[in-house]
Amino acid sequence: QVQLVESGGGLVQAGGSLRLSCAASGSIFSIGPMGWYRQAPGKQRELVARITSGGSTNYADSVKGRFTISRDNAKNTVYLQMNSLKPEDTAVYYCSANLFPRGGTAWDDYWGQGTQVTVSS
């Protein structure tokens, strides 16, 4: 019953900005770290950014200074503000969350369906 739904992807020119959102819904007891991954054609999925429930963040070197991850714990939502976009940022972006479902027995990782980000030159 738990779902993660991403939104905000699209087509943008190099130097532009996009803001991705990911909302977790369903019967959730608690949400731990959340993050954003991306996968470009022919490449492996890589971690872009992560944020703990307390707000501590980590970024891939390739996006540091350009991307900002944040979360709204009251809304079970994580965001990725992407500025100064480059063509090499083009990928499908996936949201993830480590959470404990209500009525469940353990923490587990959940994934969104992905949202396409295309940066043109």
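Keep in mind that what you see is a predicted model, and the values were worked out from it rather than measured. Values below: every heavy atom of this structure, side chains too, minus hydrogens, waters and symmetry copies. Along the sequence shown, residues are numbered consecutively beginning with 1.
- Side-chain N or O atoms of Gln3 include none that pairs as donor or acceptor with a backbone N or O of Ser25 at under 3.5 Å.
- A distance of 5.0 Å separates CD in Gln13 from OG in Ser120, rounded to the nearest 0.5 Å.
- The side-chain heavy atoms of Gln1 and Arg102, taken from C-beta on, include no pair separated by under 4.5 Å.
- Counting only distance, with no hydrogens or angles, the side chain of Asn73 and the backbone of Ser53 share a donor-acceptor pair below 3.5 Å.
- Checking side-chain atoms of Thr77 against main-chain N and O of Lys75 turns up a donor-acceptor pair under 3.5 Å.
- Side-chain atoms of Gln81 never come within 3.5 Å of backbone atoms of Thr68 as a donor-acceptor pair (strictly under, hydrogens ignored).
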Practice prompt. Begin from the C-alpha positions of Lys64 and Asp61 and carry the test salt bridge (Lys or Arg N to Asp or Glu O under 4.0 Å) through to its verdict.
Written response: CA-CA 5 Å; Lys64 196 170 298 182; Asp61 288 340; 3.3 Å; yes
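- Within the 4.5 Å cutoff, the side chain of Ser121 has heavy atoms near those of the Pro87 side chain.
- Rounded to the nearest 0.5 angstrom, Ser70 OG and Asp72 CG are separated by 8.5 Å.
- Looking at Arg38 and Tyr94, their side chains never come closer than 4.5 Å, going by heavy atoms from C-beta outward.
- When the side-chain contact (heavy atoms from CB on, under 4.5 Å) test is applied to Thr118, the partners found at least two apart in sequence or on another chain are Leu11, Thr90, Gln116.
- Here the closest heavy-atom approach between residue Trp107 and residue Ser30 is recorded as CH2-OG, 3.5 Å.
- In the hydrophobic clustering (ILVMFWY side chains linked at under 4.5 Å, chained through shared members), Ile51 is joined by Val2, Leu4, Val12, Leu18, Leu20, Ile28, Ile31, Met34, Trp36, Val48, Tyr59, Val63, Phe67, Ile69, Val78, Leu80, Met82, Leu85, Tyr93, Leu99, Tyr110, Val117, Val119.
- Heavy atoms only, all atoms of each residue included: Arg66 and Ser84 are closest at NH1-O, 3.0 Å.
- Side chains of Asn83 and Ser17: a donor on one and an acceptor on the other come within 3.5 Å.
- Pairing each heavy atom of Ser96 with each of Tyr37, the nearest pair is OG-CE1, 3.4 Å.
- A donor-acceptor distance shorter than 3.5 angstrom exists from the side chain of Arg71 to the backbone of Thr52, with no hydrogens or angles considered.
- Note that Arg19 lies in the cation-pi zone of Tyr79, set by a 6.0 Å cut-off to the ring centre and a 45° limit from the axis.
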